[in-house]
Amino acid sequence: MWRSWTVTSLRILIVEDDAVIAMSLGDLLIGMGHKVCATVESEADAVAAAVRHKPDLMIVDANLYEGNGISAIAKILLDGFVPHIFMTGDPYLVQALAPGAIILQKPFKLHDLVSAIERSLQLPAPPRMQTHE
């Protein structure tokens with residue numbers, strides 16, 4: 001049903017510490033024809049999962065209970081660029097720390113998710129982000 005809105009099937013890593021949001025997002029992505037290669041809850045787990053699974057795309061909560069998504073992405077990008085989207089309720093903080101980042105503001109609608117995925121796949125690797133530790 002939603003697959004026609006996406007370009008190709010992607011292997012997606014979800015980094016989200018709210019289980020309900022992670023499960024809902026995973027269901028949406030699977031319904032769109034994508035594969036969720038892993039769902040993790042912390043900065044450290046995000047870095048390890050990115051190395052282990054080599055995702056095509058990462059959707060990352062900017063604010064995690066253990067660490068934060070912005071720092072996780074900064075560490076992951078040291079090994080090479082991976083398209084990514086930050087989910088957040090505070091887009092201004094993410095934009096300040098990661099200028100040019102693709103941001104999916106919570107709460108979001110399906111068309112916002114589709115648009116964010118499409119935009120993240122079209123961007124070249126951005127300049128290095130500031131870590132927020």
Side-chain angles (χ1 to χ4, degrees):
M1 171 173 142
W2 300 323
R3 189 177 177 97
S4 63
W5 295 353
T6 61
V7 177
T8 187
S9 179
L10 302 170
R11 290 176 21 84
I12 301 175
L13 170 62
I14 297 173
V15 182
E16 172 59 66
D17 55 8
D18 183 311
V20 173
I21 293 173
M23 188 171 53
S24 296
L25 178 58
D27 288 345
L28 280 173
L29 293 167
I30 290 167
M32 293 167 65
H34 300 299
K35 179 179 187 221
V36 176
C37 59
T39 301
V40 298
E41 300 178 350
S42 71
E43 179 179 333
D45 290 343
V47 175
V51 170
R52 186 176 326 113
H53 296 286
K54 308 239 183 281
D56 299 316
L57 174 68
M58 296 177 291
I59 301 178
V60 182
D61 184 2
N63 299 304
L64 302 168
Y65 292 125
E66 293 181 34
N68 75 66
I70 296 169
S71 292
I73 290 294
K75 291 173 185 175
I76 292 164
L77 294 182
L78 292 175
D79 288 332
F81 184 71
V82 179
H84 54 278
I85 299 165
F86 290 110
M87 290 188 303
T88 184
D90 186 359
Y92 301 108
L93 174 63
V94 174
Q95 197 63 45
L97 295 173
I102 303 298
I103 299 170
L104 182 62
Q105 186 170 351
K106 294 177 185 175
F108 59 87
K109 296 182 189 249
L110 179 60
H111 69 273
D112 298 326
L113 175 61
V114 171
S115 175
I117 291 171
E118 289 172 352
R119 288 182 295 132
S120 71
L121 297 175
Q122 294 171 358
L123 289 180
R128 297 233 173 167
M129 295 180 291
Q130 301 173 19
T131 57
H132 187 257
E133 300 185 72

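Not measured: the values here are computed from a predicted model.
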[X] side, atom [atom1]; [Y] side, atom [atom2] - distance, nearest 0.5 Å:
{"X": "Asp90", "Y": "Leu97", "atom1": "CG", "atom2": "CG", "answer": "9.5 Å"}
{"X": "His53", "Y": "Lys35", "atom1": "NE2", "atom2": "NZ", "answer": "8.5 Å"}
{"X": "Phe86", "Y": "Ile59", "atom1": "CZ", "atom2": "CD1", "answer": "12.0 Å"}
{"X": "Ile85", "Y": "Leu25", "atom1": "CD1", "atom2": "CG", "answer": "9.0 Å"}
{"X": "Thr88", "Y": "Ile70", "atom1": "OG1", "atom2": "CD1", "answer": "7.5 Å"}
{"X": "Leu10", "Y": "Ser120", "atom1": "CG", "atom2": "OG", "answer": "8.0 Å"}

Same cluster (ILVMFWY, side-chain, under 4.5 Å), [X] and [Y]:
{"X": "Val51", "Y": "Met58", "result": "no"}
{"X": "Tyr65", "Y": "Met23", "result": "no"}
{"X": "Met87", "Y": "Ile30", "result": "yes"}
{"X": "Leu110", "Y": "Leu29", "result": "yes"}

Where [X] and [Y] come nearest, the two heavy atoms and their spacing:
{"X": "Leu104", "Y": "Ala116", "result": "CD1-CB, 4.4 Å"}
{"X": "Ala22", "Y": "Ile14", "result": "O-CD1, 4.1 Å"}
{"X": "Ala50", "Y": "Pro55", "result": "O-CD, 3.6 Å"}
{"X": "Lys106", "Y": "Glu16", "result": "NZ-OE1, 3.0 Å"}

Are the side chain of [X] and the backbone of [Y] linked by a donor-acceptor contact shorter than 3.5 Å?
{"X": "Asp61", "Y": "Leu64", "answer": "no"}
{"X": "Ser24", "Y": "Val20", "answer": "yes"}
{"X": "Ser9", "Y": "Gly33", "answer": "yes"}

Task: Result of checking Asp17, Leu93, Val94 against Asn63 for side-chain contact (heavy atoms from CB on, under 4.5 Å) - done: Leu93
Open item on the list: Could you work out, with side chain to side chain contact (heavy atoms under 4.5 Å, CB included) as the rule, every residue matching Asp45, not counting sequence neighbours?
Closed with: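 Partners of Asp45 under the side chain to side chain contact (heavy atoms under 4.5 Å, CB included) test: Val40, Ser42.
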Task: Test item: His84 and Ile76 side chains (from C-beta on) under 4.5 Å apart, heavy atoms - done: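 Counting from C-beta outward, His84 and Ile76 never come under 4.5 Å.
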TODO: Would you indicate whether the side-chain heavy atoms of Cys37 and Leu13 approach each other to under 4.5 Å?
DONE: yes
Open item on the list: Please check if the number of heavy atoms outside Glu66 that lie under 6.0 Å from its CD is greater than 12.
Closed with: no
